[in-house]
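Numbers restart at 1 for each chain; the letters A, B, ... are given by sequence-line order, proteins then strands. The basis for the numbers below is simple: all heavy atoms, side chains too, and nothing from hydrogens, waters or symmetry mates. Here the structure is a predicted model, which is why all the values come from computation and not from measurement.
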There are 2 protein chains.
Amino acid sequence: MSLQLSVRNMAVLPPVRTAMEARVGRTPHDDSDALERIGTRMVLHRHQPLFQEGDQADAVYRVVSGAVRTSRVMPDGRRYVADFLFPGDFICLNDRQVRTVTAEALCDVILIRYARRQFNSSIEADRSLGRMILSILSGGLTSAQERMMLLGRKTAAERVASFLLMMAGRKESDRVELPMTREDIADYLGLTIETVSRTISQFKAKAVIQTLGAATIVIQDLSALEDLAEAA
Amino acid sequence: MSLQLSVRNMAVLPPVRTAMEARVGRTPHDDSDALERIGTRMVLHRHQPLFQEGDQADAVYRVVSGAVRTSRVMPDGRRYVADFLFPGDFICLNDRQVRTVTAEALCDVILIRYARRQFNSSIEADRSLGRMILSILSGGLTSAQERMMLLGRKTAAERVASFLLMMAGRKESDRVELPMTREDIADYLGLTIETVSRTISQFKAKAVIQTLGAATIVIQDLSALEDLAEAA
DNA sequence: CGCATAGTTGAACTCTCTCAACAGCCGTGG
DNA sequence: CCACGGCTGTTGAGAGAGTTCAACTATGCG
């Protein structure tokens, strides 16, 4: 009945992206102070699971490098990708007892693990850290709403364009690496592999983007892509 | 780029529903203690807006009675209903500065208004209240994920069945009042009015539900409805 | 080099949407 | 109190976006 969550946060590791995140990132009392002491570093290899649906949720994680996917499968096999997590993002920053998604490494990943109890103590002890977590959760809800609009009301082309812009938003360059498969993208956008593939081909035909192998796309015409995304 | 949020919480006013909510609801130090002092009661009439997209977000609200709808409109008119808020639910429990949804009364509504600054102070002052807010935000994210699965992967029949079960979940009886229009439901489920209407008609034809006017449905066969919802 | 996996493209199909007409309900005013 | 008008909801028919099934191609790893 409920899903585990993964919440994005750009506070420390990657460059800031939004007003909220910028604000958080510049908090004088940086969150890493309080958290650094209690985290343990760990490595995950490509396709290795971090945890499974149903597991006890005894830790919070933060991605240092690489990319993680959280997903869920319906009894009949339909899959839903909850989120892609990149450096700086927290995984499952909520208070659920049981995992409701499976988290897997898309490529080799380094992350920091925080035991739930210690993490909670840190939040309570450090007021600015608590505020930050609140902010991150708020931001997560906000972007969840954005995604619901996408899933409920946008066309395939708009969804794919929005997705590419999202991925591009993380970087300066016009070159975007997609560590996930087309199937992952499809399950993230509520489409099929074929539709994602066809849509990307259309964008190439229109010279909006270009591909360097399936995993790398180059944005040739950013404003055209933004128009296609029909940003609301 | 970001959406305002409305977060559900059953802690005080209505009966508890989930593990998390139950836990919160039984917190010895009840949240109403800390909040009651700073809230002001207000009344809203049917169709009256509480706030609009773009407004300054200087308050948090909590529904006492009635029902509120939050929504957003894309430039070309496509609408997305973010949430329906019922007694006990908080509206826009996040730290965004600007409203990214419009909130309107579906019927006559009583709510409590908390000035943002005082609300934030209360959270910081009262540890258990802070925990509760964190819990509510977590729960909001969890149900957002649930909804994304619905929007991305479920069929029209599954969506409508899930919706009816959601609405029924708030009550003991098998009689469910729907204060929102078919259009609201459609925009909430990512469907059209016609599809919602047709699906409800199908359910009636199968004797799964029954209607007493458009606004009241009676669940005749709960397990059949649950099957239709294909609960994941 | 060769196989397996991932991605692309084509064609037919289907679910949902769109457009359109009709029906039912409710409040207002005669 | 009933009749009218407007709004909300229902039903029908046709169209279209995206899916499904299937074949083919490219890529990457042993």
Could you give the CZ-to-P distance, from A:R46 to D:dG28, as a whole number of Å?
10 Å

Which listed nucleotide (C:dG7, D:dG18, D:dT10) is nearest to the side chain of A:T155?
D:dG18

Could you tell me whether B:D187 and B:R72 have a side-chain N and a carboxylate O separated by less than 4.0 Å?
no

5'-most contact on DNA chain D (nearest-nucleotide basis), A:A157 vs B:A214, goes to B:A214

Validation row: A:Y80, B:K154 side chains within 4.5 angstrom (heavy atoms)
no

Phosphate-side-chain proximity, A:T195 and D:dT19, N/O vs OP1/OP2 below 4.0 Å
yes

Side chain A:R198 and base C:dG10 donor-acceptor under 3.5 Å
yes

Using the ring of A:Y188 (Phe, Tyr or Trp, six-membered ring only), decide whether A:R69 places NZ or CZ under 6.0 Å from its centre and within 45 degrees of its axis.
no

Nearest-Å distance for atom pair CD/C1', residues B:E194 and D:dA15:
14 Å

Protein-nucleotide distance (A:L189, atom CG; D:dA17, atom P), rounded to Å
19 Å

Without decimals, in angstroms, what is the distance between A:I217 CD1 and C:dT8 P?
12 Å

Looking at B:H45, is its backbone amide N or carbonyl O close enough to the side chain of B:D108 to form a donor-acceptor pair, meaning the two atoms are under 3.5 Å apart?
no

Mind calculating the distance between CD1 (A:I200) and C1' (C:dG7) to the nearest angstrom?
10 Å

Want to settle it: does B:G213 or A:M180 sit nearer the 5' end of DNA chain C, counting the closest nucleotide to each?
A:M180

Phosphate contact (D:dT11 OP1 or OP2) by B:S201 side-chain N/O below 4.0 Å
yes

Does B:R99 make a cation-pi contact with B:F51 (under 6.0 Å, within 45 degrees of the axis)?
yes

Separation of A:E183 atom CD from D:dT27 atom C1', in whole Å?
17 Å

Using a cut-off of 4.0 Å on non-hydrogen atoms, how would the nucleic acid contact of B:L191 be classed: base, sugar-phosphate, or nothing?
sugar-phosphate

Distance, rounded to the nearest Å, where B:Q202 contributes CD and D:dT11 contributes P
10 Å

Nearest whole angstrom, please: distance from the C1' of C:dT18 to the CG of B:D76.
15 Å

Report the nucleotide, chosen from D:dT19, D:dT11, C:dT8, that has the shortest atom-to-atom distance to any side-chain atom of A:R182.
C:dT8

Could you work out which one of D:dG18, C:dG7, C:dT16 sits closest to the side chain of B:A156?
C:dT16

When you measure from the side-chain N and O atoms of A:T181 to the phosphate of C:dT5, is any distance below 4.0 Å, counting only OP1 and OP2?
no

